[in-house]
Amino acid sequence: MILQKLVNGLLITIAALWLAALALYAFTDIDVLSFRRWEDVKLTGKPHRDRIPPSLAAMELENSHDPATDTSQYNTLLLHLVHQKPSAKWPVRTAYPLPGALLPYHRVVAFYGNLYSAQMGILGALPVDSMLKQLDEEVHKWKMADTCIPVMPALHYIVVTAQGNPGKDGKYRQRMPESEINKVLLLAAKAHAIVFLDVQVGLSTLTDELPLLEKYLARPDVHLGIDPEYSMKNQRPPCSSIGTFDAADINYAISWLTALVQQHHLPPKILVVHRFTQGMVTNYKNIHLTPEVQVVMNMDGFGDVARKKDSYQCWISGEPVQFTGFKLFYKNDIATGRHLMQPAEVLALYPQPVYIQYQ
């Protein structure tokens with residue numbers, strides 16, 4: 001009799017819990033009937049039923065990559081990037097990256113900008129379908145120009161934009177809403193592309209801005225860009241002078257990303273640091289690299305070909321960190337230099353950039 005009462009009580013308890021679960025499922029956004037990890041919610045800040053999946057290209061890369069880093073291919077590709085002519089500076093010798101690293105196994109070709117503005121870059125300058133079509137065309141050009149390195153398309157989205165007005169908190173920057181970030185993630189999935197979230201801190205700091213992006217950067221297909229030009233340590237408004245990051249700032253971004261990779265068991269992150277003057281990055285020799293983060297110093301100055309090459313040779317090639325990038329401006333390069341450099345011209349640089357950005 002006592003056993004029967006215990007069984008009945010247990011059945012009643014189970015039934016009550018089941019009904020409670022059904023009620024929670026019906027009246028909340030959390031699907032407790034699913035056994036998917038809570039990480040699915042953290043990736044976008046929404047329940048997994050609205051989850052934006054990683055792009056197909058990123059998923060294929062993660063799933064197909066060897067469980068161990070291919071060090072032989074890594075070394076071969078580093079030599080390829082320096083035209084088989086290693087020097088005292090290049091290639092930069094560091095610890096091998098963790099498995100799943102994109103660089104130098106791929107060359108990234110990115111479209112840069114913000115969806116709110118046609119003036120900030122190609123990403124927001126064209127209708128979506130036209131923009132993605134043009135990105136695909138540029139990717140094809142780079143594939144044909146260098147058949148040794150596969151090309152990975154990317155959308156480089158300015159997620160924190162420097163502003164001319166101080167705003168309520170006096171930081172001269174604007175954070176993009178989640179709805180806009182999710183639009184970019186969906187576009188990237190459509191284009192089989194990875195995503196870069198770019199931060200222009202204004203009078204804010206990386207320590208204040210990066211943690212707010214954790215749920216996005218915890219995705220395997222989302223990487224980071226930081227722009228010293230708009231880091232106004234002199235407390236002046238952005239664009240009144242050229243800003244700067246010290247090695248300490250870049251090291252913070254590297255260590256923060258390193259911890260994120262370790263916590264979520266992610267493949268290595270790419271960190272793009274923009275630069276076109278010496279003062280934009282100070283104490284570059286003190287930048288500390290880790291196997292979890294691949295650092296790209298990206299030459300993002302515009303002008304005629306000679307000026308762009310000179311900036312690259314002085315502040316990117318001349319002050320080596322790890323990998324290099326090169327920005328091409330559809331409007332400004334042509335307006336000031338009457339020429340948009342083609343893949344073959346960029347590939348003649350020493351070392352070859354592994355990250356190409358179109359604005």
Side-chain angles (χ1 to χ4, degrees), residues 42 45 110 112 114 120 156-163 166-178 180-181 184 195-219 222-264 266 268-290 292-298 300 315-316 319 321-323 325 327 355 357:
K42 292 193 295 183
Y112 171 94
N114 183 284
M120 297 180 74
H156 196 121
Y157 176 66
I158 312 170
V159 71
V160 180
T161 63
Q163 299 290 304
K168 293 181 180 179
D169 59 2
K171 298 299 184 181
Y172 288 88
R173 57 89 179 90
Q174 182 178 358
R175 297 164 177 159
M176 295 298 104
E178 183 175 298
E180 289 298 294
I181 301 172
V184 175
V195 172
F196 289 82
L197 299 181
D198 204 83
V199 176
Q200 302 173 353
V201 296
L203 271 64
S204 183
T205 63
L206 293 175
T207 57
D208 285 340
E209 301 301 326
L210 296 192
L212 300 177
L213 301 173
E214 179 174 351
K215 64 183 177 182
Y216 302 108
L217 287 162
R219 295 170 58 105
V222 178
H223 303 267
L224 179 64
I226 57 175
D227 200 337
E229 181 179 359
Y230 304 102
S231 172
M232 311 309 295
K233 294 181 183 296
N234 58 13
Q235 301 303 301
R236 296 172 60 184
C239 298
S240 63
S241 62
I242 296 176
T244 184
F245 277 141
D246 186 68
D249 301 299
I250 297 170
N251 285 338
Y252 168 76
I254 292 172
S255 63
W256 188 85
L257 288 171
T258 296
L260 194 71
V261 168
Q262 293 172 347
Q263 177 185 353
H264 295 278
L266 299 169
K269 292 293 181 184
I270 299 174
L271 172 63
V272 173
V273 183
H274 304 283
R275 188 181 191 187
F276 59 88
T277 71
Q278 185 176 26
M280 285 175 68
V281 175
T282 55
N283 299 307
Y284 80 95
K285 291 183 179 179
N286 295 333
I287 295 174
H288 301 305
L289 303 176
T290 71
E292 291 84 1
V293 179
Q294 301 190 288
V295 178
V296 173
M297 304 302 292
N298 181 44
D300 73 343
W315 316 128
I316 306 299
E319 297 193 353
V321 176
Q322 188 175 18
F323 294 103
K327 180 181 280 191
Y355 174 85
Q357 188 180 86

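Just the heavy atoms: all of them, side chains too, but no hydrogens, waters or symmetry mates, feed the values below. Source: prediction; values computed, not measured.
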Legend entry - Exam field: side chain Asn298 to backbone Val272, donor-acceptor pair closer than 3.5 Å: no

Inset, instruction - Using the test side chain to side chain donor-acceptor pair (under 3.5 Å), find all partners of Thr244 that sit at least two apart in sequence or belong to another chain. - result: none

Legend entry - Heavy-atom closest contact (Met232 atom, Pro237 atom, distance): CE-O, 3.6 Å

Inset, instruction - Sequence neighbours left out, what passes side chain to side chain contact (heavy atoms under 4.5 Å, CB included) with Pro211? Give chain and number order. - result: Tyr252, Trp256

Legend entry - Nearest-0.5 Å distance that lies between atom OH in Tyr172 and atom OH in Tyr230: 16.0 Å

Inset, instruction - Would you confirm whether Asp198, through its side chain, and Tyr157, through its main-chain N or O, come within 3.5 Å as a donor-acceptor pair? - result: no

Inset, instruction - Check Leu271 against Ala253 and note the closest heavy-atom contact, atom names and distance. - result: CD2-CB, 4.0 Å

Legend entry - CG-CD1 distance between Asn286 and Ile250, expressed to the nearest 0.5 angstrom: 10.5 Å

Inset, instruction - Give the intermediate values and the outcome of side-chain contact (heavy atoms from CB on, under 4.5 Å) for residues Val281 and Met297. - result: CA-CA 10 Å; Val281 175; Met297 304 302 292; 3.9 Å; yes

Legend entry - Contacts of type salt bridge (charged side-chain N to carboxylate O under 4.0 Å, His left out), residue Arg175, not counting sequence neighbours: Glu209

Legend entry - Minimum side-chain heavy-atom gap Glu229-Met280 below 4.5 Å: yes

Legend entry - Verdict with reasoning, His223 to Val195, per side-chain contact (heavy atoms from CB on, under 4.5 Å): CA-CA 6 Å; His223 303 267; Val195 172; over 6 Å; no

Legend entry - Selection residues 232-256 - residue pairs positive for salt bridge (Lys or Arg N to Asp or Glu O under 4.0 Å), sequence neighbours left out: Lys233-Asp249

Inset, instruction - Can you see which heavy atom on Pro238 is nearest to which on Gly202, and at what distance? - result: CG-CA, 4.2 Å

Inset, instruction - Return the orientation label for the His156 and Phe196 ring planes: parallel under 30°, perpendicular over 60°, tilted otherwise. - result: parallel

Legend entry - Side-chain heavy atoms of Asn283 within contact of Lys285, under 4.5 Å: no

Inset, instruction - Starting at CD of Gln163, measure out to CD of Gln200 and round the result to the nearest 0.5 Å. - result: 9.0 Å

Legend entry - Considering all heavy atoms, the nearest Val296-Ile270 contact: CG2-CG2, 3.9 Å

Inset, instruction - Verify side-chain contact (heavy atoms from CB on, under 4.5 Å) between Val295 and Phe323, making sure each step is shown before the conclusion. - result: CA-CA 6 Å; Val295 178; Phe323 294 103; over 6 Å; no

Legend entry - Inter-residue atom distance Ser204.OG - Asp169.CG, 0.5 Å rounding: 7.5 Å

Inset, instruction - Can you see which heavy atom on Asn234 is nearest to which on Ser241, and at what distance? - result: ND2-OG, 3.0 Å

Inset, instruction - Please assess Ile287 against Leu289 for the test side-chain contact (heavy atoms from CB on, under 4.5 Å), listing each intermediate value before the final yes or no. - result: CA-CA 6 Å; Ile287 295 174; Leu289 303 176; 4.3 Å; yes

Legend entry - Partner residues of Phe245 under the ring pair (Phe, Tyr, Trp, His ring centres under 6.0 Å) criterion, sequence neighbours left out: none

Legend entry - Residue among Val160, Leu197, Leu206 satisfying side chain to side chain contact (heavy atoms under 4.5 Å, CB included) with Ile226: Leu206

Inset, instruction - First locate atom OG of Ser231, then atom CZ of Arg173, and finally report the distance between them rounded to the nearest 0.5 Å. - result: 12.5 Å

Legend entry - Distance-only polar pair, side chains of Gln357 and Tyr355, donor-acceptor under 3.5 Å: yes

Inset, instruction - Decide yes or no for Val199 and Asp227: does some side-chain heavy atom of the first lie under 4.5 Å from some side-chain heavy atom of the second? - result: no

Inset, instruction - Drop me the distance from Lys269's NZ to Glu292's CD, to the nearest 0.5 angstrom. - result: 12.5 Å

Inset, instruction - Using a strict 4.0 Å threshold on nitrogen-to-oxygen distance, state whether Lys215 and Glu178 make a salt bridge. - result: yes

Legend entry - Pairwise side-chain contact, Pro228 with Val273, heavy-atom cut-off 4.5 Å (strictly under): yes

Inset, instruction - Not counting sequence neighbours, list each pair that qualifies as a salt bridge (Lys or Arg N to Asp or Glu O under 4.0 Å) and has a residue in residues 270-280. - result: Arg275-Glu319

